[in-house]
Trainee: 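Take this structure, written in structure tokens, and hold onto it; I'll ask about it next.
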Amino acid sequence: MDTVHGNSCSSELRLLDNYNCEGVHGCTTCKKSIRMQLLIVDEIIVDAGGQVDGCRYSRACLTTLVKMVKGKSIYDAYPITNEELCSNLEKVNPKYDCDTFVVGALKIALRDWEKKQAA
């Protein structure tokens, strides 16, 4: 099992076969993409996954965020901040802003879902 700063990355972090919204955000540090996919049913995030092409810290952040949002309503997921994400990480790397970009990918995915609902 791949463990990054005490966070298991292999079991939770995966691309979803079935999702209805997606957010992709680029990391300005490593210039790699962060992809977050959500399956939202009746305004509840029933599954979450994604992929990070960047550093181990980005993967740890996305893995933790995936665990945080599963089972939450979209209204509870929207206000999640990078500070809240960092408080759930076992180790924060203050040299990088990966946590901010991972939360950004979540916000983009939620906005993608909203746009599809409005269409």
Side-chain angles (χ1 to χ4, degrees):
M1 178 180 346
D2 182 21
T3 302
V4 179
H5 307 303
N7 296 303
S8 169
C9 289
S10 61
S11 63
E12 291 293 324
L13 195 54
R14 61 183 169 69
L15 288 172
L16 300 180
D17 292 326
N18 185 24
Y19 61 94
N20 52 14
C21 59
E22 179 176 60
V24 179
H25 200 298
C27 177
T28 59
T29 305
C30 66
K31 311 295 188 257
K32 304 284 182 165
S33 66
I34 299 164
R35 177 179 310 275
M36 178 143 214
Q37 298 171 327
L38 303 173
L39 177 60
I40 300 173
V41 178
D42 297 327
E43 299 182 347
I44 302 295
I45 300 170
V46 296
D47 203 1
Q51 181 178 21
V52 175
D53 296 327
C55 68
R56 295 170 64 95
Y57 183 57
S58 290
R59 285 193 298 274
C61 290
L62 186 57
T63 300
T64 301
L65 187 60
V66 162
K67 292 176 186 177
M68 288 173 62
V69 300
K70 281 185 183 178
K72 284 191 182 284
S73 75
I74 58 169
Y75 306 105
D76 292 332
Y78 245 121
I80 292 174
T81 64
N82 65 308
E83 290 86 4
E84 186 177 351
L85 171 59
C86 287
S87 71
N88 283 275
L89 293 169
E90 289 191 23
K91 184 174 181 180
V92 176
N93 189 338
K95 293 181 181 180
Y96 299 115
D97 293 324
C98 305
D99 47 88
T100 301
F101 304 124
V102 167
V103 172
L106 169 65
K107 307 288 186 184
I108 294 168
L110 291 169
R111 184 67 184 127
D112 179 46
W113 183 82
E114 281 183 338
K115 286 179 183 177
K116 290 175 180 174
Q117 297 307 301

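Position 1 is the first residue of the sequence; numbering continues from there.
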Trainee: With a 3.5 Å distance limit and no angle check, can you tell me whether Lys70 reaches the backbone of Lys67 through a side-chain donor-acceptor pair?
Mentor: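 No, Lys70 side chain to Lys67 backbone: no donor-acceptor pair under 3.5 Å.
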
Trainee: For Lys115, does the NZ atom have more than 12 heavy-atom neighbours from other residues, nucleotides or ligands under 6.0 Å away?
Mentor: no

Trainee: Keeping the roles fixed (side chain from Asp53, backbone from Lys32), state whether a donor-acceptor pair exists under 3.5 Å.
Mentor: no

Trainee: Quick one, Leu38 and Ile40 - any side-chain contact, counting heavy atoms below 4.5 Å?
Mentor: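 Contact flag for Leu38/Ile40 side chains = yes.
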
Trainee: If every non-hydrogen atom of Cys27 is compared with every non-hydrogen atom of Ile34, which pair is closest and at what distance?
Mentor: CB-CD1, 4.3 Å

Trainee: Does Val103 share a hydrophobic cluster with Val66, counting links as ILVMFWY side-chain heavy atoms below 4.5 Å and allowing steps through other members?
Mentor: yes

Trainee: Which residue pairs pass the salt bridge (charged side-chain N to carboxylate O under 4.0 Å, His left out) test with at least one member in residues 71-88, sequence neighbours excluded?
Mentor: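 Counting only pairs at least two positions apart or across chains, no salt bridge (charged side-chain N to carboxylate O under 4.0 Å, His left out) contact touches residues 71-88.
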
Trainee: Closest heavy-atom contact between Cys61 and Leu89?
Mentor: SG-CD1, 3.8 Å

Trainee: Find the distance between NZ (Lys91) and OH (Tyr57) and round it off to the nearest 0.5 Å.
Mentor: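 One finds 10.5 Å between NZ of Lys91 and OH of Tyr57.
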
Trainee: Is the closest side-chain donor-acceptor distance between Thr64 and Asn88 under 3.5 Å?
Mentor: no

Trainee: Taking transitive links into account, so neighbours of neighbours count too, which hydrophobic residues share a cluster with Ile44 at under 4.5 Å side-chain distance?
Mentor: Leu39, Val41, Val46

Trainee: Please identify which of these residues, Leu65, Val102, Leu110, Ile108, meets the side chain to side chain contact (heavy atoms under 4.5 Å, CB included) condition with Met36.
Mentor: Leu65

Trainee: What's the shortest heavy-atom distance between Ile45 and Ala77, and which atoms?
Mentor: CD1-CB, 3.6 Å

Trainee: So which heavy atom on Leu13 is nearest to which on Gly50, and how close?
Mentor: CD1-O, 3.6 Å

Trainee: Starting at SG of Cys98, measure out to CG of Asn82 and round the result to the nearest 0.5 Å.
Mentor: 11.0 Å

Trainee: Does Gln37 reach the main-chain N or O of Leu15 with its side chain, forming a donor-acceptor pair under 3.5 Å?
Mentor: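 Between the backbone of Leu15 and the side chain of Gln37 there is no qualifying donor-acceptor contact (under 3.5 Å).
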
Trainee: Under 4.0 Å between a Lys/Arg side-chain N and an Asp/Glu carboxylate O for Arg14 and Asp47?
Mentor: yes

Trainee: Determine, step by step, whether Trp113 and Ile74 satisfy the side-chain contact (heavy atoms from CB on, under 4.5 Å) criterion, reporting the C-alpha distance in whole Å, the side-chain angles of both residues, the deciding distance to 0.1 Å, and the verdict.
Mentor: CA-CA 10 Å; Trp113 183 82; Ile74 58 169; 3.2 Å; yes

Trainee: Going through the checks in order, is the side-chain contact (heavy atoms from CB on, under 4.5 Å) test met by Met68 and Ile80?
Mentor: CA-CA 9 Å; Met68 288 173 62; Ile80 292 174; 4.1 Å; yes

Trainee: Of the non-hydrogen atoms in Gln51 and Leu62, which two are nearest, and what is the gap between them?
Mentor: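 Taking Gln51 first and Leu62 second, the nearest heavy atoms are N-CD2, 3.7 Å.
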
Trainee: Ignoring hydrogens, what is the shortest heavy-atom contact between Ala48 and Val69? Give both atom names and the distance.
Mentor: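 For Ala48 and Val69, the tightest heavy-atom pair comes out as CB-CG2, 3.8 Å.
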
Trainee: Enumerate the residue pairs fulfilling ring pair (Phe, Tyr, Trp, His ring centres under 6.0 Å) with a member in residues 80-110, sequence neighbours excluded, ordered by first and then second residue.
Mentor: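 Non-adjacent pairs meeting ring pair (Phe, Tyr, Trp, His ring centres under 6.0 Å): His25-Phe101.
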
